[in-house]
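Here's the structure, in structure tokens; my notes come after.
Proteins get letters first, then strands, A, B, ... in listed order; numbering begins at 1 in each.
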Amino acid sequence: MKRVYSFGSIVCLLILLLSGNAFADSILCASTTSTENSGLFGHILPIFEKDTGIEVKLVARGTGAALEMGRRGDADVVFVHAKEQELEAVADGFFVDRHDVMYNDFVIIGSPDDPASIKGLTSAVDAFKKIADYQTVFVSRGDQSGTHTKELAIWKRTAIDPAGQKWYLEVGQGMEKTQRIGNEKRAYVLTDRGTWLATKDQLEMEILMEGDPVLFNQYGIMAVNPEKHSHVKYEQAMTFIKWMISDTGQTAIDGFRDKLGNSLFIPNAK
Amino acid sequence: MAFILESFHSALILIVRLDAELLNIMLLSLKVSGSALISATIVGLPMAALLALTSMPLKGFFLNLMNTCMGLPPVVVGLFIYLMLSRSGPLGFMGLLYTSTAMITAQFVLALPIIVALCHSAIVSVDPVIRQAALTLGATRSQASLTVIAEARYGIISAIIAGFGRLMAEVGAILIVGGNIAGYTRVMTTTIALEADKGNFELALALGIILLGMALLINSLLLIFQRRAIVRK
């Protein structure tokens, strides 16, 4: 009998633990790994929560997955970086009120000995062509993320189809891991400057190509269309969006520094 | 190999400091895996007994299914539960996605086949003489069955320990249905995955050591139960 009691007390304890979640005014934001892993959200969300009393729950995925979460109605607001896809999804009626928020840029990194000699080139398209010509290993995210989308757009302009080539590795992982694999393979990687700056001290790589306007990386925010999904918290989502593009929000983004003191994102809401 | 020592060191520091955030994460891990395990046992043990002690149609097929499902990839289970609970899915109206309830549901699905299959084999390996003796001594059929199940308790606890191990170590399913939301659905394994993603390998390993310590503690408790089970035999 004693055993039954102790089992029962464990069950009761678990039920108590289960009932813990207090109700709070909160929204769910689907965003990308770069915004969470860099620490940006850890910096700005507490400020927003203090200003408005709305709590933002963040689910960090690749841009493709974050957009899909929004389309399915599993998030209230989406904050990603693939402007063309975003505008397309708005046109399809899944999202409303899209705004530019901030930007940073993509860079091509690789081992310092630069086997395909892309250093000094001013066009990312030319750099990709050279990498393909020399058949040096290129590590791709391969996960429909914003970075992957950008990479594919550049490949498209080179008129080279890298898929299936033995020097082209699609790893299907986040930016950090992709960089790390590139580091081990002495390969080239297209990465965002934020992730690069946050982790470069762990990598034997350097920036070999930067500054091409094609490598511009715009982040945008938009609300899930309440006409598609009536349960979404559109009003709170709009409070968040308006705050992000307000002077207060833009100043908060501008003030963010990563753990090494780098400024990673430049606010540019209109 | 200095990194192992370093990680043990950081694990110790983390435990000594035990800030509210880490404590929350540890408790949530226990809550999710514990609730899933207990509900899987409550559902799975009677199923196992039914399979072991009665003759029913499709029994062999069902057992084979349960044994196969012990190897279900957590990502597949996570994806399935995600699609069920998604706002665009059949159960979307419940609003359960990205909550601990969704995580418990996914882990329940992962634990159930283990509990059923291993409890079943524990119950069938009980000496048939015991059942016959109980019946001869005037027990009803259901009383005799309970005697057999009680006799199998050693193996049943082993099944629970195996289920617990799978759940505490699991990350694929709960990451998909829980979303790893800080303060809400972030548990030990998803924190470890996140820190590893961020490149904080030492912290990730330190958290792994703490997770192992938690599992060790719980398993010790279960083993004490198990040992008592032998003594009473």
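Both the backbone and the side chain of B/L83 come within contact range of chain A, each with at least one heavy atom under 4.5 Å from a heavy atom of that chain. For B/Y98, the part sitting under 4.5 Å from any heavy atom of chain A is the side chain, from C-beta outward, and nothing else. Contact annotation for A/M175: neither backbone nor side-chain heavy atoms come within less than 4.5 Å of a heavy atom of chain B.
Closest heavy-atom contact between A/L58 and B/I181: O-CG1, 3.6 Å. Shown here for A/D74 and B/S86, the closest heavy-atom pair between the two residues is OD2-OG, 2.7 Å.
Between chain B and the residues A/G42, A/A198, A/G73, the most heavy-atom pairs under 4.5 angstrom are made by A/G73. Top candidate by heavy-atom pairs under 4.5 Å with chain A, chosen from B/G179, B/G89, B/A182, is B/G179.
Within a 6.0 Å sphere centred on CD of B/E21, heavy atoms belonging to other residues, nucleotides or ligands number 12 at most. The neighbour count for B/F8 CZ, taken as heavy atoms of other residues, nucleotides or ligands under 6.0 Å away, does not exceed 12. Heavy-atom neighbours of A/E235 CD from other residues, nucleotides or ligands within 6.0 Å: at or below the threshold of 12.
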Output side-chain donor-acceptor pairs under 3.5 Å for residues 169-176 of chain B, partner residues at least two apart or in another chain, one line each.
| unit_1 | atom_1 | unit_2 | atom_2 | d |
| --- | --- | --- | --- | --- |
| B/E170 | OE1 | B/Q107 | NE2 | 3.0 |
| B/E170 | OE2 | B/G172 | N | 3.0 |
| B/E170 | OE2 | B/A173 | N | 2.4 |

Take B/L97 and A/R72 through the test side-chain contact (heavy atoms from CB on, under 4.5 Å) and record every step on the way to the result. CA-CA 12 Å; B/L97 197 62; A/R72 301 182 62 90; over 6 Å; no
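We find the NE2-CZ distance between A/H231 and B/F93 to be 13.0 Å, quoted to the nearest 0.5 Å. Atom CG of B/N180 sits about 13.5 Å away from atom NZ of A/K57, to the nearest 0.5 Å.
Scanning for ring-ring contact (aromatic ring centres under 6.0 Å, His included) contacts around A/Y234 gives an empty result, with sequence neighbours left out. For A/F94, the side-chain contact (heavy atoms from CB on, under 4.5 Å) partners are A/R71, A/D92, A/K228, not counting sequence neighbours.
Contacts between residues 32-40 of chain A and chain B, defined by a heavy-atom separation under 4.5 Å, are made by A/E36, A/N37.
Side-chain contact between A/V224 and B/R87 is absent, with no heavy atoms from C-beta onward closer than 4.5 Å.
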